[in-house]
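Some notes on the structure that comes next.
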Amino acid sequence: MKRFFRPVEKDGSSKKPCSSSTSPALADGVDAGASPAKAEPLNFLTWNANSLLLRVKNNWPEFSKFVQTLDPDVIAMQEVRMPAAGSKGAPKNPSELKDDTSSSRDEKQMLLRALSAPPFGNYRVWWSLSDSKYGGTALFVKKQFRPKKVSFSLDRTASKHEPDGRVILAEFETFLLLNTYVPNNGWKEEENSFQRRRKWDRRMLDFVLNVQKPLIWCGDLNVSHQEIDVSHPDFFSNAKLNGYIPPNKEDCGQPGFTLAERQRFSNILSMGKLEDAYRFLHKEQDMECGFSWSGNPIGKYRGKRMRIDYFIVSEQLNSRFLACDMHGRGIELQGFFGSDHCPVSLVLSPSETSESIVTNVT
């Protein structure tokens, strides 16, 4: 989620934690020479890192230990904020990390070293990156699992990337996994604000209506669906930027909690026959661990929290939900690992189909 209330950290900043060529593990496509796939992923993690490089510099030991303990099969990241490869004025390659300057080479090598160490060396990584240090997504999949196809747009075109690297879509044998960094609604009736978000939501609805397999949609969706999904509903409903009031009442309030966004999200869920996995398993509000984004501990957003990171899953999979949890707690950002978002996990039970895949390859 975009920070409305304080400047973005500079990469050289120090922040205490709350609790050359691309490596073979960082390939863009599916390796045809890889060993046969084993079953399908069942354990998923999503996290808006709010600058992966900053997390590597400041929070990596704690986050690495967390990943090693949780041992997810798939890690979906948003806001990696690493620029795409390509020199100034030249076409960019959103699937590769920038390394054409001394500083970008140093940053790339720092990141690749971190991702080659345990436990991340056990994963293959796909990138969808912005032209600058903004946005961007990454998808980490354990090497024992092999997606049938990986693409980077809601149009499911393998070579096309969404602007700002907002989408990675992996197709497995029995389901699709969609990792998204959804555009922030913003505060105004402008092209890069309300209009951009409306267009995204229309495209997202079209996408879910046309998928041919069960869907697992995760990431920073930049919307709090219901009042139970925010800590202070009145505060967020009445929020303004510099006193500006949008012309339409349904667009008023904190981005991510306007009535218009919430209604469109409801429509996507109902028409796409999708289930919010966390809310399916956790019916009551949890004021300690029930939010995935937390405001600056200093200032008017202290203690103001929202649930905007999700696993949205096709209804036919809801009988397989074993757990869906948020791993941060409290207003001091414990378990956020330096980001303003905490990791969210989903665990599914095996399906008969996935068990038969194991039988067929062993």
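Values below: all heavy atoms of this structure, side chains included; hydrogens, waters and symmetry mates excluded.
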Just by distance, no angles: are the side chains of [X] and [Y] close enough, under 3.5 Å, to form a donor-acceptor pair?
X: Arg198; Y: Asn185; result: no
X: Arg55; Y: Asn59; result: yes
X: Asn238; Y: Asp234; result: no
X: Glu332; Y: Ser294; result: no

For [X], the rest of its hydrophobic cluster, which grows through side-chain links under 4.5 angstrom:
X: Leu322; value: Val347
X: Met287; value: Phe291
X: Trp200; value: Leu154, Val167, Leu169, Leu176, Leu178, Val182, Met204, Leu205, Phe207, Val208, Leu209, Val211, Leu215, Trp217, Leu221, Val223, Phe265, Ile268, Leu269, Met271, Leu274, Tyr310, Ile312

- Message: Among residues at least two apart in sequence or on other chains, which ones pass side chain to side chain donor-acceptor pair (under 3.5 Å) with Arg305?
- Response: none
- With a 4.5 Å limit on heavy-atom distance, are the side chains of Lys98 and Met82 in contact? no
- With Phe311, which residues qualify under ring pair (Phe, Tyr, Trp, His ring centres under 6.0 Å), at least two apart? none
- Would you please name every residue forming a side chain to side chain contact (heavy atoms under 4.5 Å, CB included) with Pro94, sequence neighbours left out? His161
- Task: Answer yes if the ring centres of Trp60 and Phe120 are under 6.0 angstrom apart, and no otherwise.
- Result: yes
